[in-house]
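As the structure lists them, so they are numbered: ligands from 1, and atoms in each ligand from 1. Predicted model only: the values in this text are computed from it and were never measured.
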Amino acid sequence: MHRAKLDETALATSLQLLNAGAGAGAPWSIQDGKLHKTFHFRDFSEAFGFMTRVALAAEAMDHHPNWSNVYKTVHVDLSTHDAGGITELDFTLAARMDAIAG
Ligand code: H2B
């Protein structure tokens, strides 16, 4: 299922696929059991516009990021609380974020 915690092998494969996609900037990584990326934008408006668009996508997916914003950077940590780890849903949301960031 989408909400089943991925094992180490599945995690490594999914991470490789995600980072081979149209990801802007730094690659995604695993940090403290979360799927992590820090997005850098030109200014605060770009950063907050990104967050606004992602918020609508996340709500539609019923899957929500842990994130924080400092001026023109957005720090993102994805995990599936229900599963106690990283699932396919986190990778789906991560890919949407990359697409929205452009
Ligand atoms: N988002 C994330 N990141 N993890 C979850 O486990 C989760 C969620 N659970 N959004 C959803 C909402 C759950 O509370 C509802 C009932 O589906």
May I ask you to check whether over 12 heavy atoms, not counting those of D7, lie within 6.0 Å of atom CG? yes
Inventory of protein N or O atoms under 3.5 Å from ligand 1 N or O:
{"from": "ligand 1", "atom 1": "1 (N)", "to": "H64", "atom 2": "N", "distance (Å)": "3.1"}
{"from": "ligand 1", "atom 1": "3 (N)", "to": "H64", "atom 2": "O", "distance (Å)": "2.8"}
{"from": "ligand 1", "atom 1": "3 (N)", "to": "S79", "atom 2": "O", "distance (Å)": "2.9"}
{"from": "ligand 1", "atom 1": "4 (N)", "to": "H81", "atom 2": "N", "distance (Å)": "3.3"}
{"from": "ligand 1", "atom 1": "4 (N)", "to": "H81", "atom 2": "ND1", "distance (Å)": "3.2"}
{"from": "ligand 1", "atom 1": "6 (O)", "to": "H81", "atom 2": "N", "distance (Å)": "3.1"}
{"from": "ligand 1", "atom 1": "6 (O)", "to": "D82", "atom 2": "N", "distance (Å)": "2.9"}
{"from": "ligand 1", "atom 1": "6 (O)", "to": "D82", "atom 2": "OD1", "distance (Å)": "3.2"}
{"from": "ligand 1", "atom 1": "9 (N)", "to": "D82", "atom 2": "OD2", "distance (Å)": "3.4"}
{"from": "ligand 1", "atom 1": "10 (N)", "to": "D62", "atom 2": "O", "distance (Å)": "3.3"}
{"from": "ligand 1", "atom 1": "10 (N)", "to": "H64", "atom 2": "ND1", "distance (Å)": "2.8"}
{"from": "ligand 1", "atom 1": "17 (O)", "to": "D62", "atom 2": "OD2", "distance (Å)": "2.5"}

Checking S14 now: which residues fulfil side chain to side chain donor-acceptor pair (under 3.5 Å) with it, not counting sequence neighbours? none
Do the side chains of D98 and K37 get close enough for a salt bridge, i.e. N-O under 4.0 angstrom? yes
What class does the angle between the rings of F39 and F50 fall in, given that below 30° is parallel, 30 to 60° is tilted and above 60° is perpendicular? tilted
Qualifying ring pair (Phe, Tyr, Trp, His ring centres under 6.0 Å) pairs with a residue from residues 55-102, counting only residues at least two apart or across chains: none
What residues, two or more places apart in sequence or in another chain, satisfy side-chain contact (heavy atoms from CB on, under 4.5 Å) together with Q31? S29, H36
